[in-house]
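Whatever order the structure lists ligands and atoms in, that order sets their numbers, starting from 1. When a residue number appears, it is its place in the shown sequence, counting from 1. What you see below is based on every heavy atom in this structure, not just the backbone, and it leaves out hydrogens, waters and symmetry mates.
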Amino acid sequence: MERDADVVVVGAGIVGCATAYFLARRGARVVVLERGPAPGEQSRKNWGFVRQQGRDPLEMPLVMEANRLWRGLQRELGADIEWVQGGNLALAADDTRMARLETWLPVAREFGLETRLLRARELDAVVPGLAGGWVGGMHTPGDGHADPEKTTDAFARAALAHGASLHLECALQGVSTRAGAVSGVVTEHGEIRTPTVVCAAGAWSARLARTLGLDLPQRWVRGTVAQTTPAPAVTACAVWGPGVAFRQRRDGSFTIAAGGALDHDVTLDSLRQLRFFLPNFWKNKALFRFHVGRPLLASLTAALPGSAARRRPLVWDRGLEPQPNPAKVRRSLAELQRVLPSLPPLGIARRWAGYIDAAPDLIPVLGEVPQLGGFVLATGFSGHGFAMGPIAGRLVSELIMDGKPSLDITGFRFSRFAEGAVGRPRSVL
Ligand SMILES: Cc1cc2nc3c(=O)[nH]c(=O)nc-3n(C[C@H](O)[C@H](O)[C@H](O)COP(=O)(O)OP(=O)(O)OC[C@H]3O[C@@H](n4cnc5c(N)ncnc54)[C@H](O)[C@@H]3O)c2cc1C
């Protein structure tokens, strides 16, 4: 374990590894800490959609620059990440949904992103043989998809190749401070002196921030995903329908996820910062399914005086793996076979679940925290941070090395929560 570093990055997901890669490329001494056995958590478990379509306008400059990076990423990282620029298609089953998609066209126009509304009869050109009685859809041909595990690993390897070091199964236990600034970190395997810590800890970022007295609003949503058995090639386009979202992988299998209500496992954390989340939960209550079970029990036990969680608040739940929702797996497969009737009967090769970290306004939190010099947040990607990972990493590296990122990130500042400047979610997907 190093004794000193210019920057310690907490979390080896795509955001942490991309940050380390861009920093190391510029000569910074970077150490990445990862509490799990492999780089990334959500970053290995996501659908793999790399989408500009439907985004909050604030995110557009970032995600369009990200798209440019993605197009050259295989070459830049020297790795096969199964990148396919096959477009993104959001399907509408009724006029209300179609009208909602249409509200996003001015955003696409403002930022010069090629995006079209398609009528039902035009859908077949994008997804041959698509069935399902659609009213239409929104198509962005420049979007793409990639393999989440290969991409996260490729960023980790590229960071190492440029001199960064990565410690797996080595959680951050605490951040040391002196005179209102970061002075080092305490890890499971020793201490490191550093003036800069990047918190890229995904769903655990709020917990980490809390150890420093910082109130970062964050909710967990459990996302279930499955991979089918292989099938003949149908489409290169990533498709997001109300009943199923899917993309076909290089081996012909599909990554699938069901639409419908979002699973929220109730824990003690669900009660925190309710003022930020309650209005949205209440307005969209049909969109959430609340589960009371093992995670709640574990969080109640964790709150007991003298518990392991009290002593080690950032690692006590390392063994708690989120469980996929079997009903969602069944529904998504049935819906895939309904909308692509030419497919042979498919089976499920594997299924998994991951916790998504969601901010109240569904946009990330990026930048240095005013209360604590040298503490930089890169988190809160709210279910769409795989696409943003490369640009988030580059901008954070610029912030640290140049004092200013090349794109404006003030809209993502941490202080927006304290200022009461948290807007309503503006993404349409
Ligand atoms: C089911 C699902 C589907 C998704 N689909 C898409 C999609 O199609 N497109 C898209 O753009 N986005 C998608 N997302 C969101 C996307 O995966 C995330 O926004 C993105 O991966 C976030 O990257 P990250 O590096 O911040 O987080 P993570 O990959 O979660 O990495 C954070 C890391 O920090 C580590 N960590 C936490 N605490 C500590 C500690 N104390 N010490 C050391 N390490 C620590 C964790 O172990 C973890 O590995 C999806 C997410 C899920 C779960």
Side-chain angles (χ1 to χ4, degrees), residues 8-20 31-53 55 59 63 66 70 88 143-146 148-149 151-152 155-156 166-175 185-188 197-209 211 220-226 238 240 245-247 255-258 262-263 312-318 322 324-325 328 351-359 362 364-366 377-390 392-393 396 429:
V8 170
V9 177
V10 186
I14 189 167
V15 176
C17 288
T19 303
V31 176
V32 185
L33 304 173
E34 169 54 52
R35 72 176 207 159
E41 188 40 50
Q42 296 180 65
S43 302
R44 331 183 61 75
K45 292 177 164 178
N46 65 67
W47 302 351
F49 285 26
V50 176
R51 168 178 67 76
Q52 305 159 94
Q53 186 185 84
R55 296 262 181 177
E59 290 187 337
V63 79
W70 274 99
N88 196 86
D143 282 349
H145 55 92
E149 291 177 38
T151 309
T152 307
F155 262 118
L166 163 64
H167 298 281
L168 298 174
E169 298 189 308
C170 178
L172 174 103
Q173 303 267 44
V175 177
V185 294
V186 180
T187 81
E188 285 182 297
V197 169
V198 177
C199 171
W204 291 271
S205 300
R207 250 186 236 179
L208 198 170
T211 64
W220 290 15
V221 175
R222 176 162 43 96
T224 291
V225 194
W240 196 336
F246 63 85
R247 72 178 177 93
T255 293
I256 54 173
L262 302 167
D263 290 317
R312 306 177 63 186
L314 301 180
V315 285
W316 66 273
D317 62 346
R318 188 153 42 189
N325 180 332
K328 284 196 160 182
R351 66 193 76 199
W352 63 92
Y355 282 124
I356 295 168
D357 58 330
L362 300 183
V365 185
L366 280 178
L377 287 168
T379 189
F381 287 88
S382 303
H384 46 263
F386 181 59
M388 298 270 274
V396 170
L429 291 184

Checklist entry - Using a heavy-atom cut-off of under 4.0 Å, does the side chain or the backbone of Ser205 touch ligand 1, or both, or neither? => result neither

Checklist entry - Where is the nearest protein heavy atom to atom 53 (C) of ligand 1: which residue, which atom, and how far? => result Ile356 CG1, 3.3 Å

Checklist entry - What protein heavy atom sits nearest atom 50 (C) of ligand 1, and how far off is it? => result Asn46 CB, 3.2 Å

Checklist outcome for this item: Numbered in order shown, the ligand 1 atoms found under 4.0 Å of a heavy atom of Leu314 are 41 (N)

Checklist entry - For atom 31 (O) of ligand 1, which protein heavy atom lies nearest, and how many Å away is it? => result Gly13 CA, 3.4 Å

Checklist entry - Donor-acceptor pair, Asp143 side chain versus Gln52 backbone, under 3.5 Å? => result yes

Checklist entry - Okay, side chain of Ser43, backbone of Gly13: is any donor-acceptor separation there less than 3.5 Å? => result no

Checklist entry - Is the side chain of Arg318 donor-acceptor paired with the backbone N or O of Arg35 at a distance under 3.5 Å, no angle test? => result yes

Checklist entry - What is the ring orientation for Trp204 with Trp220, classed by angle as parallel under 30°, tilted 30 to 60°, or perpendicular over 60°? => result perpendicular

Item to check | Numbered atoms of ligand 1 (with element) below 4.0 Å of Phe381, judged on heavy atoms | outcome: 19 (O)

Next on the checklist: Using the ring pair (Phe, Tyr, Trp, His ring centres under 6.0 Å) criterion, which residues pair with Phe155? Sequence neighbours excluded.
Outcome noted: Tyr21

Checklist outcome for this item: So for Trp47 against ligand 1, with non-hydrogen atoms under 4.0 Å, the contacting part is both

Next on the checklist: Check for me whether Gly48 has a heavy atom closer than 4.0 Å to any atom of ligand 1.
Outcome noted: yes

Item to check | Residue Val225 vicinity, atoms of ligand 1 by number, heavy atom under 4.0 Å | outcome: 1 (C)

Next on the checklist: Within the 4.0 Å heavy-atom shell around Ala171, which atoms of ligand 1 are there?
Outcome noted: 42 (N), 43 (C)

Checklist outcome for this item: Nearest heavy atom to atom 22 (C) of ligand 1, choosing from Gly393, Ala378, Ser43, belongs to Ser43

Checklist entry - Has the side chain of Arg247 got a donor or acceptor atom that lies under 3.5 Å from a matching backbone atom of Trp47? => result yes

Checklist outcome for this item: The closest protein heavy-atom partner of atom 19 (O) of ligand 1 is Gly385 N, 2.9 Å

